[in-house]
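Source: prediction; values computed, not measured. Position 1 is the first residue of the sequence; numbering continues from there. In each ligand, atom 1 is the first atom listed, and ligand 1 is the first ligand listed. Only heavy atoms go into these numbers, but all of them, side chains included; no hydrogens, no water, no symmetry mates.
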Amino acid sequence: MKAISVLGSTGSIGTQTLQIAEEFPEQFKVVALTAGKNIALVIEQIKRHQPEVVALSNTSLLPELEQRLKALPKEQQPNKFPKLVGGPDGLNVAASWESADLVVTGIVGCAGLLPTLAAIRSGKDLALANKETLIAAAPVVLPELKKSGSRLLPADSEHSAIFQCLQGTPWAENARLSTGIPTPGLRRIQLTASGGAFRDWPAKDLAKATVADATSHPNWSMGRKITVDSATLMNKGLEVIEAHYLFGIDYNEIEIVIHPQSIIHSMIELADSSVLAQLGWPDMKLPILYCLSWPNRLETPWRRLSLTEVGELSFRSPDNEKYPCMELAYAAGGIGGTMPAVLNAANEEAVAQFLNEKISFLDIPKAIEAAQRNENL
Ligand code: NAD
Ligand code: MG
């Protein structure tokens, strides 16, 4: 039985992780949860999973959570009342909770960094969904991993695909668990991208793109920030940097390929030019489950892939003019140091402003570029 702490339990990654825990009650138990503002959902999650500790990012909501839990009818109350904590310290408590074996990082944005570091410093293994942590602070995170021996298992579907492909190589025994050290024999990574919400829009129409347009993804159902990142293709740019740090591979050996069906989740090319791929329906439950069960595979009743049903797998090069965010990410990654942190912070702010209808869709890359130029002054 593996004990799990779920950071960001009310989000897309968090709720899918809890669904997996419910599907495999013999394998996984949830001991810690953290959430933002969705108290009603947290209460449902407490009733179902009986965690030992629950953290809310906003301390002022703790009294309401406590009152509402106490007001539940007797038969719905948790067997043991969880410890309730709040604020940044509270998130760190849940992230380093003693009985947890593995921490799923489903907080969105740089807000996930300090809890992730707390988990690493207490020696927990991690299922890394919160890619922003690595983009913003890999030079801090990687040495901490080395010190504590925590293992970083990629939950992002592309990096999970790469990680899964690496299990089938002669170096599987010591396949690097994300220490940023070059993986022997790994020559190239091909990261697949669905193309996001505007894949089939002519570039000239992007000036009119609304929040509603940018938050409807053709293949994946995800939180709002990452859905906008997919629409700008910044998500893929961030994933290039994530892959560089996870697998220790040079930027010029990481290629982005548009693959509209999202069936091949990424590919690795080995020294002898052989290419390995991992395939599946676009469903985040699979990469999350692999983090939880690794190095084992659990039997699932999930819908099996049928290539004849998919019919066609197609590929094309990304359009850098239509989507400048990819090149901004390669440039920031190539400079290294704190530049990926600048890129990430500027992107978070620009996406938040776009979601609040303060700037237009095409202003997002402009704002990021401006931030990068200032850093160089
Ligand atoms: P989401 O918006 O659905 O959920 C975010 C969660 O974080 C919620 O529980 C929210 O309450 C919590 N949260 C938000 N701001 C917080 C703060 N300041 N402090 C503490 N908690 C806070 O996001 P998501 O789509 O689940 O994405 C989570 C992370 O996983 C992101 O880093 C994203 O890039 C990554 N990811 C997501 C998917 C996906 O399919 N959703 C796929 C790959 C990677
Ligand atoms: Mg991804």
- line: Apart from Leu41 itself, its cluster of hydrophobic side chains linked below 4.5 Å comprises none
query: So, does Lys322 use its side chain to make a donor-acceptor pair with the main chain of Leu206 at under 3.5 Å?
result: no
message: Whether Lys236 engages the ring of Tyr323 as a cation-pi pair (distance to the six-membered ring centre under 6.0 angstrom, angle to the ring normal within 45°) should be assessed.
response: no
query: Can you give me the OE2-the Mg ion (ligand 2)-OD1 angle for Glu239 and Asp156, to 10°?
result: 100°
Below 3.5 Å, can you tabulate the donor-acceptor pairs from side chains in residues 3-10 to any protein atom, sequence neighbours excluded?
residue: Ser5; atom: OG; partner: Ala94; partner atom: O; Å: 3.0
residue: Ser9; atom: OG; partner: Thr34; partner atom: O; Å: 3.3
residue: Ser9; atom: OG; partner: Gln45; partner atom: OE1; Å: 2.7

Considering only N or O atoms, set out every pair between ligand 1 and the protein closer than 3.5 Å, with distances to one decimal place.
residue: ligand 1; atom: 3 (O); partner: Ser12; partner atom: N; Å: 2.9
residue: ligand 1; atom: 9 (O); partner: Gly8; partner atom: O; Å: 3.2
residue: ligand 1; atom: 9 (O); partner: Thr10; partner atom: N; Å: 3.3
residue: ligand 1; atom: 9 (O); partner: Thr10; partner atom: OG1; Å: 2.8
residue: ligand 1; atom: 9 (O); partner: Gly11; partner atom: N; Å: 3.1
residue: ligand 1; atom: 11 (O); partner: Thr10; partner atom: OG1; Å: 3.3
residue: ligand 1; atom: 11 (O); partner: Gly36; partner atom: N; Å: 3.0
residue: ligand 1; atom: 25 (O); partner: Gly223; partner atom: N; Å: 2.8
residue: ligand 1; atom: 26 (O); partner: Ser12; partner atom: N; Å: 3.1
residue: ligand 1; atom: 26 (O); partner: Ile13; partner atom: N; Å: 2.9
residue: ligand 1; atom: 30 (O); partner: Ala129; partner atom: O; Å: 3.4
residue: ligand 1; atom: 32 (O); partner: Glu132; partner atom: OE1; Å: 2.6
residue: ligand 1; atom: 41 (N); partner: Ser12; partner atom: OG; Å: 3.0

Expected output: side-chain Asn219 to main-chain Pro260 donor-acceptor under 3.5 Å: yes
- request: Could I get the full list of ring pair (Phe, Tyr, Trp, His ring centres under 6.0 Å) partners for Phe24, not counting sequence neighbours?
  value: none
- request: Specify which N/O/S atom of Glu158 comes nearest to the Mg ion (ligand 2), by atom name.
  value: OE1
message: Counting only heavy atoms from other residues, nucleotides and ligands, does the tally under 6.0 Å from CD of Glu98 exceed 12?
response: no
